[in-house]
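Below is one structure, written out as C-alpha cells; the observations come after it.
For clarity, every value in this text was computed on a predicted model and none was experimentally measured.
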Amino acid sequence: AIMCKHCVHEIQPPRETMCLEDGTYLLNYKNCAGCQNSTKSVKNTPREVEETDEEETVRYKHVCGHCDHVIAEHYFHFEIEDGYQEYSMECLLCGFGERSTSIDPE
C-alpha cells in the first residue's frame, strides 16, 4: 500500500469497529512531508469501486491539497459471509477497523 509515515501522527491507528468507505481522518494528519505545509488540506482521489453481488471493495488515495503528495491509500472492503456482513478498513491515515453484523435479526 502507498503511504507516507511522515505525514501522520500515528501509523494506522486502531479504530475498533469504525469502517469508512469514504472520508478522511484529519485528526491523525500531521503535515505534508512533501511540501511541509501544515494546513489540514487533504484531498481524496476518485474512488475505485469493485462490486459483485456479495462483495464490494473501495480504494482511493489521500493526497496533499497543495502539492498532491500521496499521504496514504485507503482500502475498504465489505462482504456477506455465512450470514454476516463483514466490513474492514485499512489506511495509514484513517486507521484499521473491522466490524461484523449478523444478517439474521433474531
Side-chain angles (χ1 to χ4, degrees):
I2 297 169
M3 58 184 187
C4 181
K5 63 184 181 186
H6 304 291
C7 293
V8 299
H9 292 290
E10 183 179 355
I11 295 172
Q12 204 171 41
R15 300 296 300 276
E16 307 298 329
T17 59
M18 178 74 64
C19 297
L20 305 172
E21 61 182 289
D22 58 20
T24 305
Y25 183 43
L26 285 176
L27 288 176
N28 193 35
Y29 181 61
K30 186 169 35 177
N31 67 292
C32 177
C35 70
Q36 304 303 313
N37 197 301
S38 61
T39 62
K40 300 286 185 185
S41 180
V42 176
K43 299 184 299 188
N44 296 331
T45 61
R47 298 174 351 137
E48 297 173 24
V49 181
E50 297 173 28
E51 281 184 279
T52 65
D53 286 344
E54 297 184 348
E55 215 169 323
E56 178 185 52
T57 301
V58 176
R59 285 187 172 86
Y60 59 91
K61 293 179 181 80
H62 300 291
V63 298
C64 173
H66 298 280
C67 73
D68 288 334
H69 171 75
V70 177
I71 299 159
E73 184 174 58
H74 190 100
Y75 172 84
F76 168 85
H77 185 77
F78 164 80
E79 69 181 311
I80 296 172
E81 187 175 302
D82 298 328
Y84 285 87
Q85 294 177 327
E86 305 283 346
Y87 300 85
S88 65
M89 173 185 76
E90 288 183 54
C91 178
L92 175 93
L93 177 63
C94 297
F96 177 80
E98 290 183 308
R99 182 171 75 237
S100 182
T101 307
S102 175
I103 294 171
D104 187 7
E106 288 187 49

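Taking a 6.0 Å sphere around CD of Gln36, one finds it holds more than 12 heavy atoms contributed by other residues, nucleotides or ligands.
Atom CD in Gln85 sits 5.0 Å away from atom CD1 in Ile103 (nearest 0.5 Å). Atoms CG and SG, on Leu93 and Cys7 in that order, are 9.0 Å from each other to the nearest 0.5 Å. His69 NE2 to His6 NE2: the interatomic distance, rounded to the nearest 0.5 Å, is 8.5 Å. Atom OG1 of Thr24 is separated from atom CG of Asn44 by 3.5 Å, given to the nearest 0.5 angstrom. Between Arg15 atom CZ and Glu98 atom CD the span is 14.0 Å, to the nearest 0.5 Å. Here CD of Glu90 is found 10.0 Å from SG of Cys19. Values are rounded to the nearest 0.5 Å.
Applying the salt bridge (charged side-chain N to carboxylate O under 4.0 Å, His left out) rule to pairs touching residues 20-45 yields Glu21-Arg47, Lys43-Asp68, sequence neighbours excluded.
Judged purely by distance below 3.5 Å, without hydrogens or angles, the side chains of His9 and Asn28 never pair a donor atom with an acceptor atom. Remark: the Ser102 side chain and the Asp104 side chain contain no N/O donor-acceptor pair separated by less than 3.5 Å.
Under the 4.5 Å side-chain heavy-atom criterion for Ile, Leu, Val, Met, Phe, Trp and Tyr, Tyr25 and Phe76 are members of distinct hydrophobic clusters. Clustering ILVMFWY residues whenever any of their side-chain heavy atoms sit less than 4.5 angstrom apart, transitively, puts Tyr87 in the very cluster that holds Ile80.
Every residue two or more places apart in sequence or in another chain that forms a side-chain hydrogen bond (donor to acceptor under 3.5 Å, both in side chains) with Thr57 is listed here: His77. Looking at residues two or more places apart in sequence or on another chain, you find a side-chain hydrogen bond (donor to acceptor under 3.5 Å, both in side chains) between Ser100 and Glu86. Tyr75 meets the ring pair (Phe, Tyr, Trp, His ring centres under 6.0 Å) test with no other residue; sequence neighbours excluded. Partners of Arg59 under the salt bridge (Lys or Arg N to Asp or Glu O under 4.0 Å) rule, at least two apart in sequence or in another chain, are Glu50.
Taking each heavy atom of Asn31 and Ser38 in turn, the nearest pair found is CB-CA, 3.8 Å. The minimum heavy-atom distance between Pro13 and Leu92, with the atom names listed, is CD-O, 3.7 Å. The shortest non-hydrogen separation linking Glu51 to Val49 is CG-CG1, 3.7 Å. In terms of heavy atoms, Val63 sits closest to Ile71 at C-CD1, 3.7 Å.
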Cys67 vs Cys32, side chain to side chain contact (heavy atoms under 4.5 Å, CB included): CA-CA, chis, key distance, verdict:
CA-CA 9 Å; Cys67 73; Cys32 177; 3.6 Å; yes
Between His74 and Cys94, does the side chain to side chain contact (heavy atoms under 4.5 Å, CB included) criterion hold? Intermediate values first, please.
CA-CA 8 Å; His74 190 100; Cys94 297; 3.6 Å; yes
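Applying the 4.5 Å side-chain rule to ILVMFWY residues, one finds Met18, Met89 in the same cluster as Leu20.
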